[in-house]
2 protein chains.
Amino acid sequence: MARKTTAERRRQVSQIVLGIIAEQGIEGVSMEAVARAAGIVPSALYRHYAGKDEMILAALNSFIDELETRMRALGPRPAAEVLAGMLAVQAEIMPLQLAIPQILFSPASKDQRELHRQAVKNLQDRILGGIAEVVQRGQAEGQFSPDIDPLAAAHLFMGLLVIVTLRWYVVGAAYDAAAMKKEGWRILELALGSAKSRSGAGRKGRRRKE
Amino acid sequence: MARKTTAERRRQVSQIVLGIIAEQGIEGVSMEAVARAAGIVPSALYRHYAGKDEMILAALNSFIDELETRMRALGPRPAAEVLAGMLAVQAEIMPLQLAIPQILFSPASKDQRELHRQAVKNLQDRILGGIAEVVQRGQAEGQFSPDIDPLAAAHLFMGLLVIVTLRWYVVGAAYDAAAMKKEGWRILELALGSAKSRSGAGRKGRRRKE
DNA sequence: ACCTGAACACCGTTCAAGT
DNA sequence: ACCTGAACACCGTTCAAGT
């Protein structure tokens, strides 16, 4: 009943997986649960995916696709604003972010582990690269110090996201993730702009932080 | 053969677990492998541990114990030096660091998940608290800016460690973890000292761009 | 008190057979 | 081409029985 083409099925399943992760966390994702939600039987999923992990990775990639278009919609705002925007968006992403280590350390067959690593690397590349790009633009526009390695700055930024997510997961409701992101970002912004504020502050007259 | 008291066995097993993680990564840790190395049978481990995850957590805690004493040995050096020292030490810790998400996201019985979360929280608390303490000392000694939240700074620092570890795991040998840590730390140090350097910026006149 | 060996439980995966 | 149902595989875990 309700046979679907592979493309359709994968689209549907990605939505289901993202939904389960958002509601119950990554632990809720089992082949049985996903198949049931899709109205098929677990083994049928293997016509469309190489395995569980590829299924989850596909869902994450489709999510990042969506995220990138949303990010692009922020358009040509100042780099610092874009980064702050990422921090804000991240609140809703935290459960999904947790899926990445899950995949990375799932007890998969040794044959597939290399594939997972490669897939997670691609995810990281996309995120890290996107952040570094924004930093670079900030430098080009004179907002950030030019003598900072954009990739290293992206590491710090992404590290903040990851740590806050891990802490939120572990500490629970008592953890004020938003406040920690805000203060962490304030410190990081200090560094990004610091060397530049030292050099000649010629013509940038925007709002200045005290 | 070779019956041991629980205390002895746990000590031995912790060493075995840490060894396996260091050599083969967390994936190599199975009840079978650990038991074999200990010269007993898998089910015998359950006399000494509630389960696999408690076993790994015990090993990690014993490792952090050792690490703390090593850190204390650094004594009253300047705070910035101590932090840089942590970064250096971290190279050998990376495989162990990877064990934490593994435990956190292991498909354990729902009953035990709360215990794991609590245990990982304790690990995080110890690490994060230790870093924040050093930052605070740096502030007290006038090395770091006083208007920075030590805990947020610790987040950024730990975030750097975590990201570098994840990237190293995913990218492999092509990834220059040391360089990224170095540059990341340089940026972070900029922020930690920036507010202060504003008041007394006097001694460095580096090359200027363009 | 510590250990063994067999059996169980859970879940991802395979495979022959259906439409 | 997509799906089903039964069986398998792997590994953490339990339990009765040994010393």
Side-chain angles (χ1 to χ4, degrees), chain A residues 1-14 16-17 20-21 24-59 99 102-113 115-116 119, chain B residues 1-14 16-17 20-21 24-59 99 102-113 115-116 119:
Chain A
M1 61 229 21
R3 278 167 61 114
K4 297 195 174 188
T5 176
T6 287
E8 288 171 345
R9 191 59 90 191
R10 281 179 71 106
R11 250 191 306 276
Q12 179 205 25
V13 167
S14 278
I16 290 171
V17 169
I20 293 178
I21 292 178
Q24 319 174 29
I26 186 70
E27 299 89 354
V29 181
S30 66
M31 299 309 269
E32 206 280 329
V34 173
R36 189 163 17 130
I40 55 179
V41 107
S43 55
L45 288 168
Y46 288 84
R47 174 144 304 262
H48 310 295
Y49 298 98
K52 183 186 182 185
D53 301 283
E54 198 230 317
M55 182 182 74
I56 296 177
L57 282 167
Q102 160 84 3
I103 292 168
L104 211 47
F105 304 112
S106 73
S109 59
K110 283 83 185 167
D111 323 345
Q112 295 203 327
R113 187 157 302 145
L115 291 174
H116 297 162
Chain B
M1 68 215 31
R3 278 168 60 116
K4 295 196 175 188
T5 177
T6 286
E8 287 170 345
R9 191 60 89 190
R10 283 179 69 107
R11 249 191 309 274
Q12 178 205 25
V13 167
S14 279
I16 290 171
V17 169
I20 293 178
I21 292 178
Q24 320 175 28
I26 186 72
E27 300 87 355
V29 181
S30 66
M31 300 307 271
E32 207 280 329
V34 173
R36 189 162 16 127
I40 55 180
V41 108
S43 56
L45 288 168
Y46 289 83
R47 174 143 304 262
H48 310 295
Y49 298 99
K52 182 186 182 185
D53 302 283
E54 199 231 316
M55 182 182 74
I56 297 176
L57 282 168
Q102 159 85 2
I103 291 169
L104 211 48
F105 304 112
S106 72
S109 57
K110 283 85 184 165
D111 323 344
Q112 294 204 329
R113 189 159 300 147
L115 291 174
H116 297 163

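Below, chain A is the first sequence line, B the second, and so on; all start at residue 1. Computed from a predicted model, the values in this text were never measured in an experiment.
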Enquirer: Rounded to the Å, how far apart are Leu45(A) CG and dT13(C) P?
Expert: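 That distance rounds to 10 Å.
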Enquirer: Looking only at side-chain N and O atoms, does His48(B) come under 4.0 Å of OP1 or OP2 in dC3(C)?
Expert: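 The answer is yes; a side-chain N or O of His48(B) sits under 4.0 Å from OP1 or OP2.
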Enquirer: Please identify each residue that fulfils side-chain hydrogen bond (donor to acceptor under 3.5 Å, both in side chains) with Thr6(B), with sequence neighbours left out.
Expert: His48(B)
Enquirer: May I have the distance from Lys4(A) (atom NZ) to dC3(D) (atom P), rounded to whole angstrom?
Expert: 9 Å
Enquirer: Which nucleotide in the set dT13(D), dT13(C), dC3(C) lies at the smallest distance from any side-chain heavy atom of Met31(B)?
Expert: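 So the nucleotide nearest the side chain must be dT13(D).
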Enquirer: In whole Å, I'd like the distance from the CD atom of Glu32(B) to the P atom of dG12(D).
Expert: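 Going from Glu32(B) (CD) to dG12(D) (P), I get 9 Å.
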Enquirer: Check Tyr49(A) against Ala58(A) and note the closest heavy-atom contact, atom names and distance.
Expert: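 Result for this residue pair: CE2-CB, 4.0 Å.
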Enquirer: Taking side-chain contact (heavy atoms from CB on, under 4.5 Å) as the test, write out the residues that go with Glu8(B), two or more places apart.
Expert: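 With neighbours one apart ignored, the set is Lys4(B), Thr5(B), Arg11(B).
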Enquirer: What integer distance in Å separates Tyr49(B):OH from dC3(C):P?
Expert: 11 Å
Enquirer: Please list, chain by chain and in numerical order, all residues satisfying side-chain hydrogen bond (donor to acceptor under 3.5 Å, both in side chains) with Ser30(A), sequence neighbours excluded.
Expert: none
Enquirer: Could you write out DNA chain C as dot-bracket? Rules: Watson-Crick or G-U wobble, both distances under 3.5 Å, brackets [ ] for crossings, | for pairs with another strand, dot for unpaired.
Expert: ||.|||||...|||||.||
Enquirer: Going 5' to 3' along nucleotides 14-19 of chain C, which nucleotides have protein heavy atoms under 4.0 Å from the base (write B), which only from the sugar-phosphate (write S), and which from neither (write -)?
Expert: BB---B
Enquirer: Excluding sequence neighbours, so at least two apart, what forms side-chain contact (heavy atoms from CB on, under 4.5 Å) with Ala37(A)?
Expert: Ile16(A)
Enquirer: Sort and list the pairs that fulfil salt bridge (Lys or Arg N to Asp or Glu O under 4.0 Å) and have at least one residue in residues 33-51 of chain B, not counting sequence neighbours.
Expert: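 Every pair satisfying salt bridge (Lys or Arg N to Asp or Glu O under 4.0 Å) with a residue in residues 33-51 of chain B: Glu32(B)-Arg36(B).
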Enquirer: Could you check how far CZ of Arg10(A) sits from C1' of dA1(D), rounded to whole Å?
Expert: 16 Å
Enquirer: With sequence neighbours left out, what residues match Ala35(A) under side-chain contact (heavy atoms from CB on, under 4.5 Å)?
Expert: Ile40(A), Pro42(A), Leu45(A)
Enquirer: Would you please confirm or rule out a distance under 4.0 Å between OP1 or OP2 of dA1(D) and any side-chain N or O of Arg9(A)?
Expert: no
